[in-house]
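As structure tokens, the structure follows; a few thoughts come after it.
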Amino acid sequence: MKSPIIPGSKFLLDGTTEVIVLKPSTRSNSSYTVEIPGRSIEIVSTDRLMRITQPIQKTIIDDIFDYEQ
């Protein structure tokens, strides 16, 4: 089962455009009303929405601190 789409969350529309989900437009949650910031509000099918995943960044401690030798 897919995780539910929560209104107010950000998704990628067609894998390229970042949108904000406003609300479901059908009772079956098969399409949602989304806002393309600064442009328009549209109704799109859930299969066009993709979760935004942020890559996990690893930090090496030696890179943060400059040790004197």
Side-chain angles (χ1 to χ4, degrees):
M1 180 179 168
K2 290 175 99 174
S3 55
I5 296 176
I6 300 169
S9 57
K10 293 184 179 182
F11 281 79
L12 287 178
L13 177 62
D14 297 330
T16 57
T17 307
E18 188 175 301
V19 298
I20 300 170
V21 175
L22 300 178
K23 65 179 183 175
S25 62
T26 60
R27 288 174 37 160
S28 64
N29 294 334
S30 61
S31 61
Y32 282 82
T33 304
V34 299
E35 176 186 5
I36 301 173
R39 293 187 15 205
S40 63
I41 294 176
E42 299 182 13
I43 296 175
V44 298
S45 175
T46 55
D47 60 349
R48 294 181 63 195
L49 296 174
M50 192 166 68
R51 276 204 192 283
I52 297 176
T53 56
Q54 297 178 345
I56 298 172
Q57 182 180 10
K58 292 185 177 181
T59 305
I60 300 174
I61 299 297
D62 290 339
D63 292 344
I64 295 175
F65 299 103
D66 188 24
Y67 295 106
E68 292 185 22
Q69 295 182 359

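Worth knowing before you read on, the calculation uses all heavy atoms, side chains too, and leaves out hydrogens, waters and symmetry mates. We count residues from 1, following the sequence as given.
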Checklist entry - Which residues satisfy the salt bridge (Lys or Arg N to Asp or Glu O under 4.0 Å) test with E35, sequence neighbours excluded? => result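 With sequence neighbours excluded, E35 shows a salt bridge (Lys or Arg N to Asp or Glu O under 4.0 Å) to no residue whatsoever.
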Next on the checklist: The test is side-chain contact (heavy atoms from CB on, under 4.5 Å); show your working for V34 and F11 and say whether it passes.
Outcome noted: CA-CA 9 Å; V34 299; F11 281 79; over 6 Å; no
Looking only at heavy atoms, what is the nearest atom pair of [X] and [Y], with distance?
| X | Y | value |
| --- | --- | --- |
| T26 | S31 | CG2-OG, 3.3 Å |
| R48 | D14 | NH2-OD2, 2.6 Å |
| N29 | T46 | O-CG2, 3.2 Å |
| M50 | G15 | CE-CA, 3.7 Å |
| V19 | P37 | CA-CD, 4.3 Å |

Next on the checklist: If you apply the rule side-chain contact (heavy atoms from CB on, under 4.5 Å), what do you find for L49 with V44, and how did you get there?
Outcome noted: CA-CA 8 Å; L49 296 174; V44 298; 4.0 Å; yes
Next on the checklist: Under 4.5 Å between side-chain heavy atoms, counting indirect links through other Ile/Leu/Val/Met/Phe/Trp/Tyr residues: same cluster for I36 and V21 or not?
Outcome noted: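 Same hydrophobic cluster.
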Checklist entry - Can you check whether S25 reaches Y32 side chain to side chain, under 4.5 Å on heavy atoms? => result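 A side-chain contact under 4.5 Å is absent here.
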Checklist entry - Given the rule in the side-chain contact (heavy atoms from CB on, under 4.5 Å) test, do I41 and T33 qualify, once you have shown the distances and angles that lead to the verdict? => result CA-CA 7 Å; I41 294 176; T33 304; 3.4 Å; yes
Checklist entry - Would D47 and S45 count as having a side-chain donor-acceptor pair, cut-off 3.5 Å? => result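 Indeed, the side chains of D47 and S45 share at least one donor-acceptor pair under 3.5 Å.
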